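Please read these numbers as outputs of a predicted model, since none were measured by experiment.
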Amino acid sequence: MNGASDTSAVLRPPREVMRLSRLGRFYPTRLSFARILVRRMARERWRIQPAVRELDDDGFGRVSYHVHTPSGVLGFAAFSHQLDPADRTDRVIAERWDASFALTVEPPTRADLDRLHENVPRQEAGRCGAREIVLSRANRSVRLFDEVVASLADGRQPSLDDVGRVGYLMRTTAVYGNGKFGLADFEQVRRRGILTLPFQAEMLTVYLIRHFSLELVDHLAVRRGGFRAVSLDGPRRRALGIGNATGLGMAPFLVSHPQLIDRWVRMRETALARVMEVEQASPGELARFRTLLARARTHVAEWRPQVGDAGLARRLGTVERRLEELERLVAAEGDGELLLGFRPWTALAAWAGDDTETAELLNSILIELYPERVDDLETTAGSDEREETDPAMPIGALRETIEARYGWALEVEFDRPESQGLFWYHSEEKEEPRLGFRHEEPGAERELRLGIARQVAHLHRTLDREDPARPTGRFLRENPGFRKIVRRIQSLEDSPYAEIRDNLLDRSCEPADLLRGKLSMLGASRFDPKSLLWTRVTFFQGAPLANELERSDADDWGFATTAAAGVGTIA
């Protein structure tokens, strides 16, 4: 099969995939944006070169790097600050951080670095322009950063168990791009030819923050330990990614960018469908599957004890048990009948059954197993997100479209109080999206338009009273409040995975599922929900270091694990 051709296999239907109960079980894959970026960096032999290093004995000051690519050179500036522990918070409304960062369209001059040093630590309150691509900030890990520095200064490597348990030295609280706060917008960046896919700039920034954090602990160890100090070794460096604290601010993105979400999910589902077409697994593919299965089981075993959410911890416990069972079932010395027949991976999906947590982890393994079948899809992740209204469409045709594609919304009983138990709003005080309880709290008049199901149902009821032959444009002229939802419905006709097929206003809605769905597409792992409203994750754990991008196995870091003093297969 030619991996670039359209698959003849049937993709999973949107009614199955685009449910919160499924999106909230997604795992990162080799088509997640972090993986795509590192693969490109390795393929094109990108180099990260230090340019300026002005740090004092406490690690405060500034550093800059040049990122050399075949299409040009980018710049990255990092500023390390003294932070009062009382000011350390993961909230987006914080005004001070341990470090702040900017990715720039070209290496900054001394004058540029001075300007950035004045503005970047102020983040939203500073001034950025079209020469800056991404703005970010991060805090040191209270649980690990000082422990690692103290160990290295004393000439000892920190405990690999402790390193793996936390998984990062710094945790970002925001990564801004695409025109926010005066930054260069995506189209301008894309035209330069370096960062051409969605979120590549943001993911590169996170990767560089990781690089900075690793160099920072080595610097502090030498300053504090002198000749006794040692550098952090390779396995521990790879075991450390970058943490991220994500709250409700990310959730509206999945509703407000439906065409982009359709592309992302369709890319993933097409990859999975291509794998399901495999009629017979070769001995090499079966051996590779067993290797990935063992690594994934260890990954889950190391991740689960750190999860505070009881529901996720319970599901991961089930995943561990089922993967152990599967390892025995497909062991090389066993009968292995499950994977020896026709269409083995379809049989595997049937074995997983309705256990969505296990099923989606196995789907991630299967996509990992066949790079030659799926990697060409990475170029399909973008969308111009153009929406247009068709005023000539007859009302009857619009109603038929709603009934065919939004039946899930029409099934919701909105006269039940629970069906409108929540409302989403933007808090002026906290400067972030929040959830309110409609029947218990004031503020519903400030509601954001995230209740797509309710809007569709209201429109459908209204259209029942209209002449089916009447043009939609005339209807909208008299009912302008429906313009946005009509434009959305008409524009998404060819985007089957665009809508989340659940009522986001229902009292039982779990926003953490929205967060995990998007974060997995970005490439986050080790999800650790702290409530229904925010979660911690880790990026680039196990990824090759900047000096390892030329290794032949640089792309083999899915399901990172600290087992055997290494991560993945990179040793």
Quick one, [X] and [Y] - any side-chain contact, counting heavy atoms below 4.5 Å?
X    : Y    : result
F539 : R210 : no
N363 : Y27  : no
L216 : M170 : yes
R373 : V278 : yes

Can you tell whether the side chains of [X] and [Y] come within less than 4.0 Å, N to carboxylate O?
X    : Y    : value
E378 : R40  : no
D513 : R25  : yes
R551 : D556 : no

cation_pi(R35, W557) dist<6.0 Å, angle<=45: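 Judged by the rule (NZ or CZ under 6.0 Å from the ring centre, within 45° of its axis), R35 counts as positioned above W557.
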Who pairs with [X] by salt bridge (Lys or Arg N to Asp or Glu O under 4.0 Å), at least two apart in sequence or on another chain?
X    : result
R321 : none
E54  : R62, R110
R165 : D162
E269 : R12

Measure the [atom1]-[atom2] distance between [X] and [Y] for me, rounded to the nearest 0.5 Å.
X    : Y    : atom1 : atom2 : answer
R224 : D58  : CZ    : CG    : 6.5 Å
T358 : L326 : OG1   : CG    : 9.5 Å
D355 : E360 : CG    : CD    : 10.0 Å
R268 : T380 : CZ    : OG1   : 13.5 Å
E368 : I365 : CD    : CD1   : 9.0 Å
S80  : D56  : OG    : CG    : 8.0 Å

Exam field: side chain R274 to backbone V374, donor-acceptor pair closer than 3.5 Å: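 Here the side-chain-to-backbone pair does not exist.
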Heavy-atom donor-acceptor pair, T196 side chain to G193 backbone, under 3.5 Å: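 No, because the side chain of T196 does not come within donor-acceptor range (under 3.5 Å) of the backbone of G193.
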side-chain hydrogen bond (donor to acceptor under 3.5 Å, both in side chains) partners for R516, two or more places apart: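 Result, side-chain hydrogen bond (donor to acceptor under 3.5 Å, both in side chains) vs R516: E357.
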Residues which pass side-chain hydrogen bond (donor to acceptor under 3.5 Å, both in side chains) with Y65, listed by chain and number, not counting sequence neighbours: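 Applying side-chain hydrogen bond (donor to acceptor under 3.5 Å, both in side chains) to Y65 gives E215.
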Aromatic ring pairing W264/F33, orientation class (parallel under 30°, perpendicular over 60°, tilted between):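 The arrangement is perpendicular - the two ring planes meet at more than 60°.
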What I want to check is whether the side chains of [X] and [Y] have a donor and an acceptor closer together than 3.5 Å.
X    : Y    : result
E302 : T562 : yes
T356 : R22  : no
Q123 : Y176 : no

Test ring-ring contact (aromatic ring centres under 6.0 Å, His included) applied to [X] - qualifying residues, sequence neighbours left out:
X    : value
H117 : F79
F289 : W345
H299 : W303, F559
F26  : none

From CA spacing to verdict: ring-ring contact (aromatic ring centres under 6.0 Å, His included), W46, Y207: CA-CA 13 Å; W46 290 20; Y207 183 87; 9.3 Å; no
Given R266, K518, M18, the one that forms side-chain contact (heavy atoms from CB on, under 4.5 Å) with I261: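 Among R266, K518, M18, the one that satisfies the side-chain contact (heavy atoms from CB on, under 4.5 Å) with I261 is M18.
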Donor-acceptor list for residues 242-255 side chains, cut-off 3.5 Å, not counting sequence neighbours:
from	atom 1	to	atom 2	distance (Å)
N244	OD1	T246	OG1	2.2
N244	ND2	T172	OG1	2.9

ring-ring contact (aromatic ring centres under 6.0 Å, His included) assessment of F101 paired with F212: CA-CA 10 Å; F101 312 92; F212 167 76; 5.7 Å; yes
CZ (R45) with more than 12 external heavy atoms under 6.0 Å: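 No, because the 6.0 Å sphere around CZ of R45 holds 12 heavy atoms or fewer from other groups.
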Side chain to side chain contact (heavy atoms under 4.5 Å, CB included) involving A349 - partner list, sequence neighbours excluded: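 Partners of A349 by the side chain to side chain contact (heavy atoms under 4.5 Å, CB included) criterion, ordered by chain and then number, come out as M276.
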